[in-house]
Amino acid sequence: MKKILITGGAGFIGSHLCERLLNEGNEVICLDNFFTGSKRNILHLMDNPYFEVVRHDVTMPYFIEVDEIYNLACPASPIHYQYNPIKTIKTSVMGAINMLGLAKRINGKILQASTSEVYGDPLIHPQTEDYWGNVNPIGLRSCYDEGKRCAESLFVNYHQKNSVNIKIARIFNTYGPHMNINDGRVVSNFIVQALKNEDITIYGTGEQTRSFQFVSDLIEGFIQLMNTDDTVHYPVNLGNPIEFSMLELAKEVIDLTNSKSKITHLPLPQDDPIQRKPNIDLAKKVLDNWEPKVKLRDGLTQTIEYFKTVI
Ligand code: NAD
Ligand code: UDP
C-alpha cells in the first residue's frame, strides 16, 4: 500500500484518479480548495477509511509524509482559468514550488498534470514533445499556458538541481463523467445543450480540431507514467491521436442524444488553437503498451449518461 497525495483531487480528472488508486489498495489524500471541484465528485469515496479530504490551497505550503504526489490543482477550462488569471498563475507556479518542495523534503515521486496548451496554437502537426510551442505570452490564455510552462521548467530544474524524481504528463483534451456542467468546455457544453434541445454553440466555423481522450485512458497513462523508471524525467504526451472537428463532434452528440438541437455559430474566442493532435510515440515507448482504447462514441455515451443524472 502506498500513501498518495492528489492535489485537485475533487476535480473532474482528480476524482477518477482518487477512485482508481483507492481501488488498487492505496491510501489517498485528496487536497482541494473546491474552486472548480466538488464534494459530489468524491462523495462515493467518503466511506473508504483509506480516503482523506483536506481543504487547502496549493499556493500555501502543505506538509505531509507520502510516497507519491500527483499535482493536478489548477482550473482547466478557459472560463474558470480566465476568471482570476493572476490566481491561475499563482496556482500553477506557487503550487508547483510548494509541491516540489514537499517532494524534495520527503524524497517522494511527483507527477505534474501539464497540458497540450504548452504548444499554444501549434505550427507543427501532430505535436511531438520536442516542439517548443507557439504561445501568445500576453493573450487571454497566457495565464494558463505560461503558468503551466513555468511549472514544467520548475519540475525539470528541481530534478536537475535537487534530484527530485519528477514525471510530466502533457494532457490533451480529456472528457468524461464528473466534468463540471458549467465549465464551458466543448464536450460538456454540447452534451448539456443537446440534452436540453437547446442550440449547439459552435465557436467560429467549427472546422478547428481537437483530439478527445476518455478519462479512463488518461488515468491508465498517469499511473503507468508515475511507475516508469528513474530515467523518465521529461514531458510525455498523453492523448488520443484521433482528431475531430467541432462540427463532427456536434453531429455525433446530436445523433447519440436524439436531440432536436440546431447548430448555431458564435465568434471564435481570441487565440483559440486551430488544430491539436498528439503524437504519442514517446508514450507508447516508455509506458507499458499504453494507448487510448475508448472510442469517441463509447466515451460520449458514458458521458451523456452521467449528464442525464446531473441535469
Ligand atoms: P478541474 O477544474 O475539474 O480540476 C481542478 C481541481 O483543482 C479542482 O478540484 C479545483 O477545485 C482544484 N484547484 C484549483 N485551484 C486550486 C488551488 N489553488 N488549490 C487547491 N486546489 C485547487 O479540471 P480537470 O479537467 O480535472 O484538470 C485537472 C488537471 O489536469 C489540471 O491541472 C489541468 O490543467 C490538467 N489538464 C486537464 C485537461 C482536460 O482536458 N481536462 C487537459 C490538459 C491538462
Ligand atoms: N467550443 C465550441 N463551442 C463551445 C465550447 C467550445 O465550439 O460551446 C470550441 C472552442 O472554441 C475550441 C474547442 O471547442 O475550439 C475546444 O474548446 P475547449 O474549451 O473544450 O478546450 P480547449 O480550447 O482548451 O482545447
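In this text, all values refer to a predicted model and were calculated from it rather than measured experimentally. Remember, it's 1-based here, ligands and their atoms both numbered in the order they're listed.
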For [X], atoms of ligand 2 separated by under 4.0 Å from a heavy atom:
| X | result |
| --- | --- |
| Asn189 | 4 (C), 5 (C), 8 (O) |
| Ile202 | 7 (O) |
| Gln208 | 9 (C), 11 (O), 15 (O) |
| Asn173 | 21 (O), 22 (P), 25 (O) |
| Glu117 | 24 (O) |
| Met246 | 13 (C), 14 (O) |
| Pro78 | 19 (O) |
| Arg276 | 22 (P), 25 (O) |

Looking only at side-chain N and O atoms, does [Y] offer a donor or acceptor that is under 3.5 Å from a partner on [X]?
| X | Y | value |
| --- | --- | --- |
| Gln193 | Thr201 | yes |
| His178 | Ser15 | yes |
| Gln112 | Asn71 | yes |
| Asn157 | Ser153 | yes |
| Thr209 | Glu243 | yes |
| Asp271 | Asn136 | yes |

Identify the protein heavy atom lying closest to [atom], giving its residue, its atom name and the separation to 0.1 Å.
| atom | answer |
| --- | --- |
| atom 29 (C) of ligand 1 | Leu72 O, 3.4 Å |
| atom 11 (O) of ligand 2 | Asp272 OD2, 2.7 Å |
| atom 5 (C) of ligand 1 | Cys74 O, 3.2 Å |
| atom 18 (N) of ligand 1 | Asp57 OD1, 2.9 Å |
| atom 37 (C) of ligand 1 | Ile13 CD1, 3.7 Å |
| atom 1 (P) of ligand 1 | Thr36 OG1, 3.7 Å |
| atom 3 (N) of ligand 2 | Thr201 O, 2.6 Å |
| atom 23 (O) of ligand 2 | Arg141 NH2, 2.9 Å |
| atom 40 (O) of ligand 1 | Thr174 N, 2.8 Å |
| atom 17 (C) of ligand 1 | Asn33 ND2, 3.3 Å |
| atom 5 (C) of ligand 2 | Tyr203 CE1, 3.3 Å |
| atom 20 (O) of ligand 2 | Val186 N, 2.8 Å |
| atom 3 (O) of ligand 1 | Phe12 N, 2.9 Å |

Region of Lys90 that comes within reach of ligand 1 [heavy atoms, distance under 4.0 Å]: neither
Atoms of ligand 1 less than 4.0 Å from [X] heavy atoms?
| X | value |
| --- | --- |
| Ile171 | 30 (O), 35 (C), 36 (N), 42 (C), 43 (C), 44 (C) |
| Gly11 | 3 (O), 4 (O), 8 (C), 9 (O) |
| Gly8 | 6 (C), 7 (O), 9 (O), 12 (C) |

[X] near ligand 1, heavy-atom distance under 4.0 Å?
| X | answer |
| --- | --- |
| Tyr175 | no |
| Lys148 | yes |
| Asn173 | yes |

Rounded to the nearest 0.5 Å, how far apart are [atom1] of [X] and [atom2] of [Y]?
| X | Y | atom1 | atom2 | result |
| --- | --- | --- | --- | --- |
| Cys18 | Phe51 | SG | CZ | 4.5 Å |
| Trp290 | Lys285 | CH2 | NZ | 15.5 Å |
| Glu198 | Thr264 | CD | OG1 | 12.0 Å |
| Ile13 | Asn41 | CD1 | CG | 11.5 Å |

Ligand 2 contact on Met179 by region, counting heavy-atom pairs under 4.0 Å: neither
Within reach of ligand 2, part of Ser77 (heavy-atom separation under 4.0 Å): neither
Exam field: side chain Glu27 to backbone Tyr50, donor-acceptor pair closer than 3.5 Å: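 Judged by distance alone, no pair lies under 3.5 Å.
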Out of [options], whose heavy atom is nearest to [atom]?
| atom | options | answer |
| --- | --- | --- |
| atom 9 (O) of ligand 1 | Val54, Val215, Val118, Asp32 | Asp32 |
| atom 25 (O) of ligand 1 | Arg185, Arg170, Met179 | Arg185 |
| atom 44 (C) of ligand 1 | Ser114, Ala76, Ser116 | Ser114 |

Charged N-O contact under 4.0 Å between Asp255 and Arg297: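 Looking at Arg297 together with Asp255, the answer is yes, because their closest N to O distance falls below 4.0 Å.
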Joint hydrophobic cluster, Ile110 plus Phe222, side-chain heavy atoms closer than 4.5 Å: no
Contact list for residues 133-164, test ring pair (Phe, Tyr, Trp, His ring centres under 6.0 Å), sequence neighbours left out: Tyr81-Tyr144, His159-His233
Atom of Thr174, atom of Met179 and distance for their closest heavy-atom approach: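 Taking every non-hydrogen atom into account, O-CE, 4.1 Å.
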Polar proximity ligand 1 side, Thr91 side, N/O cut 3.5 Å exclusive: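 Indeed, backbone or side chain, Thr91 has an N or O that close.
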Within 6.0 angstrom of Ile86 CD1, more than 12 heavy atoms from elsewhere: no
